[in-house]
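This chain uses plain numbering: 1 for the first residue, then up along the sequence.
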Amino acid sequence: MKKFQLFILALCAGVLFQGCENSVTQKKLHLVFIGGTPDNYWSVVRLGCDFATRQLGDVDLDFRFLESGTPAAQQELLSTLVTNGTTDGVVISPIDPESQTDFLNTLATNTLLVCADSDAAKSRRRCYIGTDNVAAGMQAAELLKAALPQGGKIILFAGYPNAENTQDRAHGIQKGLTGSNVQIVDTLWDGTASEVSQKNAEDALAKHPDLAGMVCLNGYQGPAILTAVRQAGRAGQVKIVCFEDYDKTMVGIAAGDIYGTIVQNPLKIGYQTIIRMDKYLHGDKTQFGNGKILIPSQAITKDNLTDYLAVQKNQLLQTQAGAP
């Protein structure tokens, strides 16, 4: 009888420990992703993240949009989300990496820190995942030279002066325009407010009657600047080059009022970020390579617009259906 009781106890203990072991293996990673203000681009980034979490099955993702696109808003939201010490990894697109470096370094001492979309190269972030923005800027420069073969004055429109992706895109444009007759005469900042961007464009058109081109370094600016150019009666005369594939931007390209745009791959950026963080946190330390995972961008004009839209539609349908 005593041997039988011992056997039952041992069996119960085995089941108990097996249950404990299962509960450990089933524990999900908790990741926090702070995107930008809600728009087309960040919505697709989130779709890529959600696809990855469904595929993995072991990630609890807290994806948040910003109500206000400021460094203070980013830090306040992150501080609220990671105070309980249960966060395994954080993803952020720093708005002002210079002023945020100390904050980011503190985060990096307590959790895996990854930058997506825009980098903070001087911080202790483990990796940047996103577009090579210098290369993307050079692609924009090629569009400008094609749109303005005789050259002319252009103005850059941007959100925040210290955002690393903005700086890199502007640098790429300057580099790509070297030796051409296209001249950058000003850069106008809007703090990621589309209404300010439109007002900047209206003022620029009034100030520079000989303005030949406008370049939107951020996605939301394309539709705003297109509105200003159309209202001024100069659509098609002032060549517009954009970033991102906002619906109104693509309609503007189809109409011939926007020359072209540089598109990133937000679906892949979101997907790769979550997949690589998951593998890294499970022990695969090769996932982040030398600290940069660069995802190519693409130039879209009226010539390849239809093909691009068809590919994008197919990718989104496959993602929403859960296809790998």
Side-chain angles (χ1 to χ4, degrees), residues 31 33-56 61 63 65 91-94 114-119 127-143 159 163-166 168-169 172-173 216-222 241-250 253 258 260-279 287-301 303-324:
L31 304 181
F33 196 127
I34 304 299
T37 53
D39 61 18
N40 293 34
Y41 175 82
W42 285 109
S43 295
V44 179
V45 171
R46 182 175 187 173
L47 186 62
C49 292
D50 290 343
F51 180 38
T53 59
R54 291 199 309 270
Q55 191 178 74
L56 291 166
L61 177 65
F63 190 107
F65 295 105
V91 191
I92 186 173
S93 175
V114 170
C115 291
D117 176 66
S118 190
D119 200 5
C127 188
Y128 163 71
I129 301 177
T131 303
D132 182 338
N133 284 294
V134 174
M138 294 182 71
Q139 288 176 315
E142 291 304 311
L143 291 184
E164 203 160 309
N165 57 354
T166 299
D168 286 349
R169 290 173 190 177
I173 290 171
C216 312
L217 298 184
N218 305 100
Y220 61 90
Q221 293 154 349
V241 171
C242 302
F243 274 78
E244 314 307 354
D245 58 355
Y246 280 46
D247 293 342
K248 290 183 179 179
T249 297
M250 307 315 260
I253 293 174
I258 294 176
T261 190
I262 305 303
V263 295
Q264 303 183 83
N265 193 333
L267 193 70
K268 190 171 184 179
I269 290 172
Y271 178 81
Q272 286 289 329
T273 299
I274 301 305
I275 291 290
R276 288 178 181 275
M277 290 179 75
D278 178 82
K279 290 182 178 180
Q287 283 299 310
F288 295 139
N290 64 357
K292 283 192 176 184
I293 305 297
L294 300 178
I295 297 172
S297 53
Q298 181 181 0
I300 304 298
T301 64
D303 292 339
N304 62 348
L305 176 62
T306 301
D307 290 342
Y308 171 76
L309 292 176
V311 170
Q312 290 301 106
K313 182 179 180 180
N314 185 53
Q315 282 185 344
L316 288 174
L317 288 174
Q318 287 184 339
T319 301
Q320 290 168 341

Fill in: Partners meeting ring pair (Phe, Tyr, Trp, His ring centres under 6.0 Å) with Phe288 (sequence neighbours left out)
Tyr280
Fill in: Gln298: partners by side-chain hydrogen bond (donor to acceptor under 3.5 Å, both in side chains), with sequence neighbours left out
none
Discussion item. On a heavy-atom basis, which atom in Pro94 and which in Ile92 lie closest, and how many Å separate them?
Written reply: CD-O, 3.4 Å
Fill in: Contact check, side chains of Tyr246 and Asp39, non-hydrogen atoms, under 4.5 Å
yes
Worksheet, complete the sentence: The reported gap from SG in Cys115 to CD in Glu164 (rounded to nearest 0.5 angstrom) is 8.0 Å
Discussion item. So, using ring pair (Phe, Tyr, Trp, His ring centres under 6.0 Å) as the criterion, who are the partners of Tyr220 when residues are at least two apart?
Written reply: none
Worksheet item: Heavy atoms, side chains only, cut-off 4.5 Å: are Gln264 and Ile295 in contact?
Response: no
Worksheet entry | By side-chain hydrogen bond (donor to acceptor under 3.5 Å, both in side chains) - contacts of Ser118 (at least two apart) | Asn165
Worksheet, complete the sentence: CG (Asp278) and CZ (Arg276) are apart, to the nearest 0.5 Å, by 12.5 Å
Fill in: Taking every non-hydrogen atom, the tightest pair across Trp42 and Ala116
CH2-O, 4.4 Å
Worksheet entry | Minimum heavy-atom distance between Met138 and Gly172, given as atom pair plus value | CG-O, 3.2 Å
Worksheet item: Which distance, rounded to the nearest 0.5 Å, do you find between the CG of Leu267 and the OG of Ser43?
Response: 12.0 Å
Worksheet item: Less than 4.5 Å apart, any side-chain heavy atom of Ile300 and any of Asp245?
Response: no
Fill in: Asp247 side chain near Asn40 side chain, heavy-atom distance below 4.5 Å
yes
Practice prompt. Using side-chain contact (heavy atoms from CB on, under 4.5 Å) as the criterion, list what pairs up with Asp132, not counting sequence neighbours.
Written response: Val134, Ala135, Leu294
Discussion item. Given 3.5 Å as the limit, does a donor-acceptor pair link the side chain of Asp117 with the main chain of Ser93, or not?
Written reply: no
Item to complete: Only counting residues at least two apart or in another chain, list the ones meeting side-chain contact (heavy atoms from CB on, under 4.5 Å) with Gln139.
Response: Ala136, Ile262, Ser297
Discussion item. According to salt bridge (Lys or Arg N to Asp or Glu O under 4.0 Å), who are the partners of Asp119, at least two apart in sequence or on a separate chain?
Written reply: Arg125
Worksheet item: How far does CZ of Phe63 sit from CG of Leu47, to the nearest 0.5 angstrom?
Response: 10.0 Å
Fill in: Over all atoms of both residues, closest heavy-atom pair of Ile173 and Ala141
O-CB, 3.7 Å
Worksheet item: Is there a side-chain contact between Ile269 and Thr131 (heavy atoms, below 4.5 Å)?
Response: yes
Item to complete: Under the side-chain hydrogen bond (donor to acceptor under 3.5 Å, both in side chains) rule, collect the residues that match up with Asn265, sequence neighbours excluded.
Response: none
Discussion item. Please enumerate all residues that pass side-chain contact (heavy atoms from CB on, under 4.5 Å) together with Lys248, with sequence neighbours excluded.
Written reply: Pro223
Discussion item. Can you list everything that forms a side-chain contact (heavy atoms from CB on, under 4.5 Å) with Thr301? Sequence neighbours excluded, please.
Written reply: Leu143, Tyr259, Asp303, Asn304
Fill in: Heavy-atom closest pair, residues Ala140 and Phe243
CB-CE1, 4.2 Å
Practice prompt. State, yes or no, whether a side-chain contact exists between Met250 and Thr261 at a heavy-atom distance under 4.5 Å.
Written response: yes
Worksheet item: CZ of Phe51 to CG of Leu56: how many Å apart, nearest 0.5 Å?
Response: 10.0 Å
Practice prompt. List in chain and number order the residues that pass side-chain hydrogen bond (donor to acceptor under 3.5 Å, both in side chains) with Thr166, two or more places apart in sequence or in another chain; answer none if no residue qualifies.
Written response: none
Fill in: Spacing of CD belonging to Glu244 relative to CG belonging to Leu217, to within rounding of 0.5 Å
10.5 Å
Item to complete: With the side chain counted from C-beta on, respond yes when Arg46 and Phe33 share a heavy-atom pair under 4.5 Å apart, and no when they do not.
Response: no
